[in-house]
Amino acid sequence: MNQKIQSLSGYLHEYQKSIHQPEKFWSRIASSFYWRKSWDRVLSWDFKGPDVKWFENAKLNITENIFEKHLFTHGDKTAIIWEPNDPNEEAIHLSYRQLFEKTCQFSNALEAEGVKKGDRVIIYMPMIPEAAIAMLACARTGAVHSVVFAGFSSSALADRIEDCQAKMVLTSDGNFRGAKNISVKAVVDEALEKTTCVETVIVCQRTKAEVQMKTGRDLWWHDVIKGQPVEHQAVTTDSEDLLFILYTSGSTGKPKGVVHTTGGYMVYSQYSFLNVFQYDQDDVYWCTADIGWITGHSYIIYGPLLSGATTLMFEGVPTYPHVGRFWEIVDKYKVNQFYTAPTAIRALQAHGLEPLEPYKLDSLKVIGSVGEPINEEAWHWYHDHIGKGNCPLVDTWWQTETGGIMISPLAGITPNKPAHASLPLPGIQPIIVDAEGNELKGNNVEGNLCIKFPWPSMIRTTYGDHQRCKDTYFSTYPGMYFTGDGVKRDHDGYLRILGRVDDVMNVSGHRMGTAEVENAINEHPKVIESAVVGFPHDIKGQGIYAYVICDMEGRTESGLIDEIKDTVRKIIGPIAKPDQVQIVSGLPKTRSGKIMRRILRKVASNDFSNLGDTSTLLNPEVVEEIIKGAKIQ
Ligand code: WTA
């Protein structure tokens, strides 16, 4: 715990050290972990490759830093509190020792089913304790987990299975979410019809829904762990061995598999957790994310468990069985740190203050936000009504690719400034550049956010396609990692994230590529061409607006719109379903055939002013038509 920064001057001091002597700094932080063999070199790097290695040639197993390291001192401490979807069902408390035994038992089961170091294992599961156990058992056996959010469709799941050539899928029969009982195994079955690499499927029983079990391929979780010992010798991994792959959307093509490796990710997820949330040993910490996203990986599972924290995992949704459910849970477990997304805050804010009345919320010490820019109104509501005006609010900016929180206040240490992610964590060197890549120095500047020096939990590659990693992140501004976000440094030197500057939308905190949604729409047989843009949405942050050229024969407009929405739901999942679909006869294009998205974005935002000079377009007349038919939000 000596890694915890205690004051603003302490932060400034640590930050300076981390910049001037990064290797010395990280070697000190890393030395508090248990390594089977220490590193030969702290860091070697080249952003041209990119080729980045942290703690070179060190050997470890990340789960030994969760379990073996903590068992003597707090084996009986609660590691995971699991709160079920239905508040009348019993919660589960797993101590570090119990979680260890379950992880060991499942690690033995994985090995018995042929899983070896380096094998890819897909986890497609609801928010149940077994999902955490599945991740930890993969890590313990040296297998590479790739968690796929259980709301993705069978074809999105199949793409990910195929891309990483997974040998095994871990899943459940079904998923209780709010009033819904969703089938999960059936989605896996459908996905596996399109893939050939999966040999085994292990199914955890959750809803007791009837499922098809394919002989020779499908096994029950409760059967595979039967008779397996509750001890397991962790497999030795190299610091740069893959820990996990997590698929995320970009501005082009299909989602890419962001690769994180073991040593650096371990060090940074723990260090950032402890410092941003200022976790104290007896605290109860709750992050409401799903383990299908990076926030769930780093700040439900790895960061907290590596810190010996008590982490709460919630199966359900914020509005079930009532809109006060989050606050009920905070009071029930006396949650000290609460971490959620602006979209959830805005959705709950819309119900007013009445749902808050029955709850004290007096256990809260720190509240946090992640995933999208938090608007000032939501910031103040969260700060005043949930934090009761006296909890520091940490607005944490980071990405799937960064592995951990990069820019954020440290709770209670960095002065709070509404809607500002504020200052970089030690070791993080942000730089603001203009379109040409020139550094914008000083305060009161706005530009593109890059990072100019490696940090331990950074992306190493995109699975199976290193060139794509280079092209996406390291080529726009050579010598720097480009985040895709716009940023402003204000007059105090505090950073405010402005949102994406590329064709990535952020819908309810979920990343979605415009091209990805367009590709799904284009699968509909009547669609000729489409263009998708984001528009400001009161609750979701951004909504999805699709302009579609169709062959209308034999269809009504409203029928076709429903079919298009349904196509996207089937191909990607409900989170990608367009909010608005406008059927158009053409898309505004430049003479070189490029779609003028700027115009489409403005129309989708009901902003018909300053559309610019449209006379140079190939088809200026369509702009008029698009404006006339615009869906008013
Ligand atoms: C956005 C989620 C503003 C940003 C951890 C980034 C934010 C993308 C913030 C990554 C924040 C995340 N303020 N914007 N505090 N946090 N973002 O990969 O656009 O799902 O690039 O990672 O979310 O989304 P991802």
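Each ligand, and each atom within it, is numbered from 1 in the order the structure gives. A quick note: this is a predicted structure, and the numbers were derived from the prediction, not measured.
- Within the listing of ligand 1, atoms 5 (C) sit less than 4.0 angstrom from a heavy atom of Val370.
- Side-chain atoms of Phe273 and Ser269, non-hydrogen and from C-beta on, never get closer than 4.5 Å to each other.
- Two residues are said to be in side-chain contact when any heavy atoms from C-beta on lie closer than 4.5 Å; Tyr382 and Phe338 meet this criterion.
- In summary, Lys4 and Asp280 engage in a salt bridge, as defined by a charged side-chain N under 4.0 Å from a carboxylate O.
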Mind listing the side-chain donor-acceptor pairs of residues 242-259 below 3.5 Å, one per line with the distance, residues two or more places apart or on another chain?
from, atom 1, to, atom 2, distance (Å)
Tyr247, OH, Asp163, OD2, 2.7
Tyr247, OH, Cys164, N, 3.4
Thr248, OG1, Arg511, NE, 3.4
Ser249, OG, Arg511, O, 3.4
Ser249, OG, Glu516, OE1, 2.6

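- Within 6.0 Å of NZ in Lys602 there are more than 12 heavy atoms belonging to other residues, nucleotides or ligands.
- Considering only non-hydrogen protein atoms, atom 13 (N) of ligand 1 sits nearest to Glu372 O, 3.4 Å.
- Among protein heavy atoms, the minimum distance from atom 3 (C) of ligand 1 is reached at Pro373 N, 3.1 Å.
- Proximity to Thr295 (heavy-atom distance under 4.0 Å) selects the following atoms of ligand 1: 5 (C).
- Between Ser369 and ligand 1, not a single N/O pair is under 3.5 Å apart.
- The closest approach between Ala421 and ligand 1 stays at or above 4.0 Å for every heavy atom of the residue.
- The distance from the OH atom of Tyr481 to the OG1 atom of Thr476 is 10.5 Å, given to the nearest 0.5 Å.
- Heavy-atom neighbours of Gln165 CD from other residues, nucleotides or ligands within 6.0 Å: above the threshold of 12.
- Here the side chains of Ile291 and Met127 are in contact, with some heavy-atom distance below 4.5 Å.
- Aromatic ring centres of Tyr271 and Trp26 lie closer together than 6.0 Å.
- Set against the non-hydrogen atoms of Asp395, the atoms of ligand 1 under 4.0 Å away are 11 (C), 13 (N), 15 (N).
- Looking at ligand 1, you won't find any N or O of Thr483 less than 3.5 Å from one of its N or O atoms.
- Contacts of Arg511 with ligand 1, taken as heavy-atom pairs under 4.0 Å, involve the side chain alone.
- Between Asp241 and Arg460 there is no salt bridge, since no side-chain N of the basic residue sits under 4.0 Å from a carboxylate O of the acidic one.
- At a 3.5 angstrom cut-off on N or O pairs, Gln399 counts as close to ligand 1.
- The side chain of Ile497, and not its backbone, has at least one atom closer than 4.0 Å to an atom of ligand 1 (non-hydrogen atoms only; side chain from C-beta on).
- Residue, atom and distance of the protein heavy atom nearest to atom 16 (N) of ligand 1 are Gly371 N, 3.1 Å.
- Using a 4.0 angstrom heavy-atom cutoff, Trp398 counts as in contact with ligand 1.
- Each of the following atoms of ligand 1 lies closer than 4.0 Å to a heavy atom of Thr396: 9 (C), 11 (C), 15 (N), 16 (N).
- The residues Lys53 and Asp51 are annotated as salt-bridged, a charged nitrogen and a carboxylate oxygen being separated by less than 4.0 angstrom.
- Closest to atom 18 (O) of ligand 1 among all protein heavy atoms lies Thr400 OG1, 2.5 Å.
- Looking at atom 19 (O) of ligand 1, its nearest protein heavy atom turns out to be Asp485 OD1, 2.6 Å.
- If you look at Asn506 next to ligand 1, the close heavy atoms, those under 4.0 Å, all belong to the side chain.
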